Amino acid sequence: MAAALLELGHLFVVLAVAGAIALRLGLSVIPLYVVGGVLAGPFVAGRFGLPYVPNGEIVTLLAEVGIVLLLFFLGLEFSLDRLLESRTQITRAGVVDLVVNLPIGVAIGLVLGWSLVESLLLGGIVYISSSAIITKSLIDLGWIANPEAEPLLGTLVFEDLFIAVYLAVVTSLVLGGADAGTGSIVQSLAVAFGFLGVLLLAVQYGTSLFARLLGGAGQEAFVLRTLAVVVPISGVALALGVSEAVAAFFVGMGFATSGHREKIERRLSPIRDVFGAVFFFWIGVGTDPTLLAAAAVPLVLAVALTTPAKLLSGYLGGRAYDLSKRRSLRAGLGMVPRGEFSLVIAALAAGGSTPVMREIIPAFAVGYVLLMSMLGTVLMGQSSVIERRVFRDPEEGTEPTG
Amino acid sequence: MTVYESDLPGVGKKHEVELGDGARLVIVTHNSGKREVFRRADADSDSEKLFELSDQLARQVGTLLEGAYFQPVQTDEIETLLGGDTLLEWVEVGEDSPVVGRTLADSDLRQATGASVIAIERGERVIVSPGGEATIEAGDTLIVIGPSEACRDVASMVRGD
């Protein structure tokens, strides 16, 4: 017991230090939590004979709660009404984002001789931008009050919805169909969509139940009751071979309309932050940096190809919102950071059966998220310099908004 | 005035208010309750952050801007509120006030407004329960009691507007 508590203490010290460094350097905390995990884990600290945090059951369980809460919050923020309200613009920007970026990742995997499922995982990792990093940067840079915030946030909403479907499918492919034929893949997909369908109905018709459940509860009871719904449902999902993350996303959607959304966000976000940090740390702990060498080729290809691809799709997304060229370029720069959801996909891949899924993809994802989160934040911070470079002609730069 | 409202998924809501000169005031209300206020000079320029307020402070400043808090200075103090709608109010008599030189009886304050003058502060001295024959002088402070509406009327009669 003492050993386990010490391990956990070690973990939180590393996270606190990583967070302090991030604050000092003005970087996002996510990549630094991951780096902290790599350094404090068995593959670095352990190799040098230092005390290290093993990739054990406790950290894994807490990280799992982290995934569940990250996706639960995503669901909370996600409103179908909102999507329907500006559906033409969101759909146009979102579809461009999807058809430009996902196939590039899949193509890189196929060119490297990976299987279709492995390539699909790579596609997802390079496709999904980081809601956490982008939203934070928008607020920090003051862009939140500018017109470019709308295509950026709108595209993120589309990505979030897509990723829920994507995770549901890919989880079935990775966990259910790895060593079996097509029949078993179909079966596990059927189970997944059956369960999610039931959950969706429960969410759709259970709003008043959720509202009653939380109504009048004191602070402590409120937090506990929310967790008592989200965590068991996610557990059932995982036991059935369905993505626990998607289940949590749906439960979040159910709570979103219960009238308690803001209260949940206020009261549970500290809990999400704690478990989310453990999740990023856990990703780091499981990463052997020497495998980064093996992932170097896909990493170089992905950074070189997906940075301009996101710039292009973000630019077109901005144009779909009738923004000027300058602002659309900015929307492109803003979509570059990748983060938490790329790591969620990597965590899913790590549960697969092939060496590529177990080792290369997680190492790739860590390297990729580190590079893209930093590159993306730098690009956003330096946007005025880039805008001046691109639009030397001032006439074009100051073209009025449409 | 046109107000544009839009959702900021994951952040909160944004309202843009046209200021008339092509500029817009942009108010971002975060889900946490924090308000950030920006000004955008024109459609092309970037929003410039003016200030941010916590939820509670934003509401207080909001009521101030709305004018709901306006009262002559002295009634800011809660002691002057006697319960119900009754106020105790201090009204200063300026040099050019129309009531200067008149007695309380011919100033007609009570009949016109329904509020009574219960004391007159004159320098160091206080005339308590002045009768109808008491003369109002420039520089006096009238202590008035009555419904808040009536007190406001007394203040405006004394100011002469």
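None of the values given here were measured: they were computed from a predicted structure. Labels below follow one simple rule: chain letters A, B, ... track the order of the sequence lines, proteins then strands, and each chain is numbered from 1.
Between the side chain of B:Ser97 and the backbone N or O of B:Gly94 there is no donor-acceptor pair closer than 3.5 Å.
Heavy-atom pairs under 4.5 Å with chain B were tallied for A:Leu156, A:Asp160, A:Ile139; the largest tally goes to A:Ile139. By number of non-hydrogen pairs under 4.5 angstrom with chain B, the leading residue of A:Thr135, A:Leu152, A:Ile144 is A:Ile144. Taking chain B as the reference chain and counting heavy-atom pairs below 4.5 Å, the highest number among A:Ser131, A:Ala132, A:Gly142 is found for A:Gly142.
Residue B:Glu52 places its CD atom among more than 12 non-hydrogen atoms of other residues, nucleotides or ligands, all under 6.0 Å distant. Within a 6.0 Å radius of CZ in A:Arg267, other residues, nucleotides and ligands contribute more than 12 heavy atoms.
For B:Lys14, the part lying under 4.5 angstrom from a heavy atom of chain A is the side chain only. With a threshold of 4.5 angstrom between heavy atoms, B:Glu36 approaches chain A through side-chain atoms but not through N, CA, C or O.
Applying the ring pair (Phe, Tyr, Trp, His ring centres under 6.0 Å) definition to pairs two or more places apart or across chains, those involving residues 254-277 of chain A are A:Phe72-A:Phe255, A:Phe210-A:Phe255, A:Phe222-A:His260.
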Decide side-chain contact (heavy atoms from CB on, under 4.5 Å) for B:Glu48 and B:Arg40; before the verdict, give the C-alpha distance in whole Å, the side-chain angles of both, and the deciding distance to 0.1 Å. CA-CA 6 Å; B:Glu48 195 188 320; B:Arg40 197 161 67 231; over 6 Å; no

